[in-house]
Amino acid sequence: MLARWLPAAINTRPAEWSRAAIGMALGTMLSVWVCAQVFGMEVALHLLGPLGASAVLLFAVSSGALAQPWSIIGSYLCAAVVALLVARVLGRTLGSACLAAGMTVILICWLRCLHPPAGGLAMTLVLADPASIALGWQALAPVMLGAGALLTAALVYNNATRTRYPKGLVESPIAPVSSPARVVDPMITAADLKLALAEMEQFYDVEPSELEQLIHAAQSHARRRSIGEVLAHRAV
């Protein structure tokens, strides 16, 4: 039981840590600077927390679903709209801030743009600084400007440092209709997945043991489907 509290091994090299750290720092600084040039430093610094958290995802775990372009743009827009509505109706209290965060999570899950910093952004906008409150509904502008600047930085930096971003959908290979010889595939283990992750040298927000369970479950479903297809073919 105590072993569950121990940190999992990181499958990346220090070079990748440095690449992600530099990108996170530069991306956050750029997004805040751009926002400050248009709306002032007070408004920009109020968004520093959510932007910094988003930068960790966009530069350190850019392969994850939570770090893709729609995740940050969609979630920031949802968080801003929900927070401004809740603040107008219920006022700017701690309770309304937490309610706005919860409503944001439901909305971004429904719209498939789950992005954890959006919850913090919703709270930040409800409990905003005087300069942001004075903007009213125009507070949407600095939020989306910061998100857009951060996303642009991630697109440029990640691809310039040979990290493909955004990640596209991986097409599944087409299985052959028939095979002359039956080949038995070896069972994939967590150790094999750990080695594969180490070869890819990128951060992936998933444990090898979780991948092993997922692959074995998929293999089980594939076997059932294959048996069903064979039985249906024989019945014909």
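Numbers here are sequence positions counted from 1.
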Practice prompt. Measure from the side-chain N and O atoms of R92 to the backbone N and O of L127, and report whether any donor-acceptor pair falls under 3.5 Å.
Written response: no
Worksheet item: So, for A100 and V126, which heavy atoms are closest and what is the spacing to 0.1 Å?
Response: CB-CG2, 3.8 Å
Item to complete: Please tell me if the side chains of M29 and L26 come closer than 4.5 Å, counting only heavy atoms from C-beta onward.
Response: yes
Worksheet item: Got P142 and V38 here, is their nearest side-chain heavy-atom distance under 4.5 Å?
Response: no
Item to complete: Please name the pair of heavy atoms, one in N159 and one in L155, separated by the smallest distance, quoted to 0.1 Å.
Response: ND2-O, 2.7 Å
Discussion item. Are I106 and L114 linked, directly or through intermediate hydrophobic residues, by side-chain heavy-atom contacts shorter than 4.5 Å (ILVMFWY only)?
Written reply: no
Practice prompt. May I ask you to decide if P166's main-chain N or O and Q68's side chain share a donor-acceptor pair within less than 3.5 Å?
Written response: no
Worksheet item: Between L77 and L140, is any pair of side-chain heavy atoms under 4.5 Å apart?
Response: yes
Worksheet item: Do you know the tightest heavy-atom contact between M24 and V56?
Response: CG-N, 3.9 Å
Practice prompt. Treating Ile, Leu, Val, Met, Phe, Trp and Tyr as nodes and any side-chain heavy-atom pair under 4.5 angstrom as an edge, say whether V34 and L51 lie in one connected cluster.
Written response: no
Item to complete: Might you confirm whether atom CH2 of W33 has over 12 heavy atoms from other residues, nucleotides or ligands at distances under 6.0 Å?
Response: no
Discussion item. For A25, is there any backbone N or O sitting under 3.5 Å from a side-chain donor or acceptor partner on T28?
Written reply: no
Worksheet entry | Polar contact flag, side-chain donor to acceptor under 3.5 angstrom, T124-H46 | no
Discussion item. Main chain of S132, side chain of E42: is a donor-acceptor contact present, judged purely on distance under 3.5 Å?
Written reply: no
Worksheet item: So S63 and Y165, side-chain hydrogen bond (donor to acceptor under 3.5 Å, both in side chains) or not? Walk me through it.
Response: CA-CA 7 Å; S63 62; Y165 180 80; over 6 Å; no
Worksheet item: Short question: side chain of S62, backbone of F59 - any donor-acceptor pair under 3.5 Å?
Response: no
Worksheet item: Any donor-acceptor pair under 3.5 Å linking the side chain of W110 with the backbone of V105?
Response: no
Discussion item. My understanding is that only one of T104, V86, L47, V81 makes a side-chain contact (heavy atoms from CB on, under 4.5 Å) with L125; could you say which?
Written reply: L47
Worksheet item: Under 4.5 Å between side-chain heavy atoms, hopping through other hydrophobics if needed: is there a path connecting L30 to V143?
Response: no
Response to the item:
For L150 and S31, the nearest pair of non-hydrogen atoms, with its separation, is N-CB, 3.9 Å
Discussion item. Test your reading of the model: is there a side-chain donor-acceptor pair from H115 to the backbone of L66, 3.5 Å cut-off?
Written reply: yes
Worksheet item: Side chains of Y76 and C113: does their closest heavy-atom pair fall under 4.5 Å?
Response: no
Item to complete: Check whether L45 and L121 end up in the same hydrophobic cluster, where Ile, Leu, Val, Met, Phe, Trp and Tyr are linked by side-chain heavy atoms less than 4.5 Å apart.
Response: yes
Discussion item. Do the side chains of E16 and R13 get close enough for a salt bridge, i.e. N-O under 4.0 angstrom?
Written reply: no
Discussion item. Donor-acceptor pair, distance only, cut-off 3.5 Å: does the side chain of N158 make one with the backbone of A20?
Written reply: no
Worksheet entry | Within one Ile-Leu-Val-Met-Phe-Trp-Tyr cluster: L107 and L90, side-chain cutoff 4.5 Å | yes
Item to complete: For I73 and M144, run side chain to side chain contact (heavy atoms under 4.5 Å, CB included): C-alpha distance rounded to whole Å, both residues' side-chain angles, the deciding distance at 0.1 Å, then the answer.
Response: CA-CA 7 Å; I73 296 299; M144 300 314 298; 4.0 Å; yes
Fill in: Side chains of Y157 and T163, donor plus acceptor under 3.5 Å
no
Worksheet item: Can you name the closest pair of heavy atoms from A139 and L135 and give their distance?
Response: N-CB, 3.8 Å
Worksheet item: Are any of the side-chain heavy atoms of M123 and L94 separated by less than 4.5 Å?
Response: no
Worksheet entry | Side-chain touch L151/S54, heavy atoms, less than 4.5 angstrom | no
Worksheet item: What pair of heavy atoms forms the shortest contact from A44 to V32, and how long is it?
Response: CB-O, 3.5 Å
